[in-house]
Amino acid sequence: EEGKYLVMVTRKGIIKRIELNAYNTARKGGLIALELNEDDHLAWVRMTDGNANVIIATRLGMAIRFMETDVRPMGRMARGVKALSLREGDEVVGMSVVRENGLVLTVSETGYGRLSRPEDYRLQSRGGKGLTNYHVEKYGDVVGIMTVDPEADDLILISSGGIIIRMHIAEIRLCSRTSKGVRVMRMEGDTAIVSIATAEHDA
């Protein structure tokens with residue numbers, strides 16, 4: 001499909017952008033998507049129209065928003081370039097494409113969630129440190145970030161204790177970028193939220 005791209009992001013903050021038709025093949029064994037360092041792995045792939053905004057967030061509370069055009073299109077064998085500068089011990093926990101009328105959802109491992117406007121994350125240049133997205137020293141590490149439609153989406157939360165809950169995104173409050181948010185799942189003992197996902201709202 002002409003004019004479509006794949007944007008790939010790794011846990012260590014490497015981003016790669018490639019034309020979708022580079023993978024137009026019938027090979028049963030597949031094709032290499034990108035070269036990885038030994039301590040890294042591919043975690044997110046999104047299809048774009050070539051002019052999207054992307055938001056990338058880290059476990060220790062940083063986030064960066066930039067135009068995908070800051071990343072030049074590459075070949076299949078390319079390793080990619082730095083999306084943002086990570087502090088020691090930090091890693092990427094979420095990458096999302098900003099969509100029209102969407103809000104940015106941030107969820108902490110301690111059971112809190114928050115909606116913010118994409119405009120709260122000013123556009124920056126790729127490769128920087130980003131902005132403070134969450135005060136992890138107060139509220140716990142970030143487990144994930146994604147762009148959502150409050151009316152059309154449900155949030156699914158999974159805890160380390162094996163509990164799964166589903167809630168309407170509209171139940172989560174719109175807050176400023178650095179606020180704690182509201183409780184979306186009650187944690188007991190040393191349990192934590194380990195994964196989040198969205199699904200079409202079950203009315």
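If you chain together hydrophobic residues whose side chains sit under 4.5 Å apart, W44 and V142 never meet in one group. V97 and V9 fall within a single hydrophobic cluster, where Ile, Leu, Val, Met, Phe, Trp and Tyr are joined by side-chain heavy atoms under 4.5 Å apart, directly or via other members. A continuous path of ILVMFWY side-chain contacts below 4.5 Å connects V81 to M95, so both sit in one hydrophobic cluster. Transitive grouping of hydrophobic side chains (ILVMFWY, heavy atoms separated by less than 4.5 Å) brings M74 and V54 into a common cluster. Residue V93 is grouped with residue Y112 when hydrophobic side chains (ILVMFWY) are merged at heavy-atom distances under 4.5 angstrom, including chains of intermediate members.
The environment of E137 atom CD is dense: over 12 non-hydrogen atoms of other residues, nucleotides or ligands sit within 6.0 angstrom. By the 6.0 Å contact criterion, CG on D190 is open, its count of non-hydrogen atoms from other residues, nucleotides or ligands being 12 or less. For R117, the CZ atom counts as loosely surrounded, since its 6.0 Å shell holds 12 or fewer non-hydrogen atoms of other residues, nucleotides or ligands.
Closest non-hydrogen pair, V98 versus T147, comes out as CA-OG1, 4.0 Å. Scanning both residues, G140 and S108, for their nearest heavy atoms gives O-CB, 4.1 Å. The minimum heavy-atom distance between G181 and C175, with the atom names listed, is CA-SG, 4.1 Å. Here the closest non-hydrogen pair linking A199 and I156 is CB-CD1, 4.0 Å. When all heavy atoms are compared, the tightest approach of I145 to A57 is CG2-CB, 3.2 Å. Nearest heavy-atom pair, R76 versus K16, reported as atom, atom and distance to 0.1 Å: O-NZ, 2.6 Å.
Counting heavy atoms from C-beta on, the side chains of L6 and M8 come closer than 4.5 Å. With contacts defined as side-chain heavy-atom distances shorter than 4.5 Å, the pair I15/E68 does not qualify. Between T178 and N133 there is no side-chain heavy-atom pair separated by less than 4.5 Å. Contact annotation: the side chain of R87 never approaches that of T58 to less than 4.5 Å [non-hydrogen atoms, C-beta and beyond]. Counting heavy atoms from C-beta on, the side chains of L131 and R122 come closer than 4.5 Å. For the pair L84/K129, no side-chain contact is recorded, criterion being any heavy-atom separation below 4.5 Å from C-beta on. Counting heavy atoms from C-beta on, the side chains of F66 and V71 come closer than 4.5 Å. A heavy-atom distance below 4.5 Å is found between the side chains of D141 and L60.
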Let me see the working for R114 and S116 under side-chain hydrogen bond (donor to acceptor under 3.5 Å, both in side chains), right down to the final yes or no.
CA-CA 7 Å; R114 185 199 70 215; S116 304; 2.9 Å; yes

Where do D154 and H201 land on the side-chain hydrogen bond (donor to acceptor under 3.5 Å, both in side chains) test, with the steps shown first?
CA-CA 5 Å; D154 281 353; H201 177 50; 2.5 Å; yes

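In this structure, a donor-acceptor pair under 3.5 Å is absent between the side chains of R46 and T48. Between the side chains of T198 and D153, no donor N or O sits under 3.5 Å from an acceptor N or O. Using a 3.5 Å distance cut-off with no hydrogens or angles, the side chains of Y121 and N53 do not pair a donor with an acceptor.
T69 OG1 to M67 CE: the interatomic distance, rounded to the nearest 0.5 Å, is 4.5 Å. Summarising the geometry, atom CD1 belonging to I64 is positioned 10.5 Å from atom CD1 belonging to I55; distances are rounded to the nearest 0.5 Å. A distance of 11.0 Å separates CG of D149 from CD of E100, quoted to the nearest 0.5 Å. With rounding to the nearest 0.5 Å, the separation of CZ in R126 from NZ in K82 is 9.0 Å.
A distance-only check finds no donor-acceptor pair linking the side chain of S160 to the backbone of T191 [under 3.5 Å]. R59 contributes a side-chain N or O that, together with a main-chain N or O of G89, makes up a donor-acceptor pair within less than 3.5 Å.
In this structure, D40 does not pair ionically with R11, as no charged nitrogen and carboxylate oxygen lie closer than 4.0 Å.
Each ring pair (Phe, Tyr, Trp, His ring centres under 6.0 Å) pair with one or both residues in residues 124-145, not counting sequence neighbours, appears once here: Y134-Y139.
The cationic atom of R17 (NZ for Lys, CZ for Arg) lies less than 6.0 Å from the six-membered ring centre of Y5 and within 45° of the ring axis.
Apart from I193 itself, the hydrophobic cluster it occupies contains L103, L105, V107, L115, V143, M146, V148, L155, L157, I163, I165, M167, I169, I172, L174, V182, V184, M185, M187, I196, where clustering links Ile, Leu, Val, Met, Phe, Trp and Tyr at side-chain heavy-atom distances under 4.5 Å.
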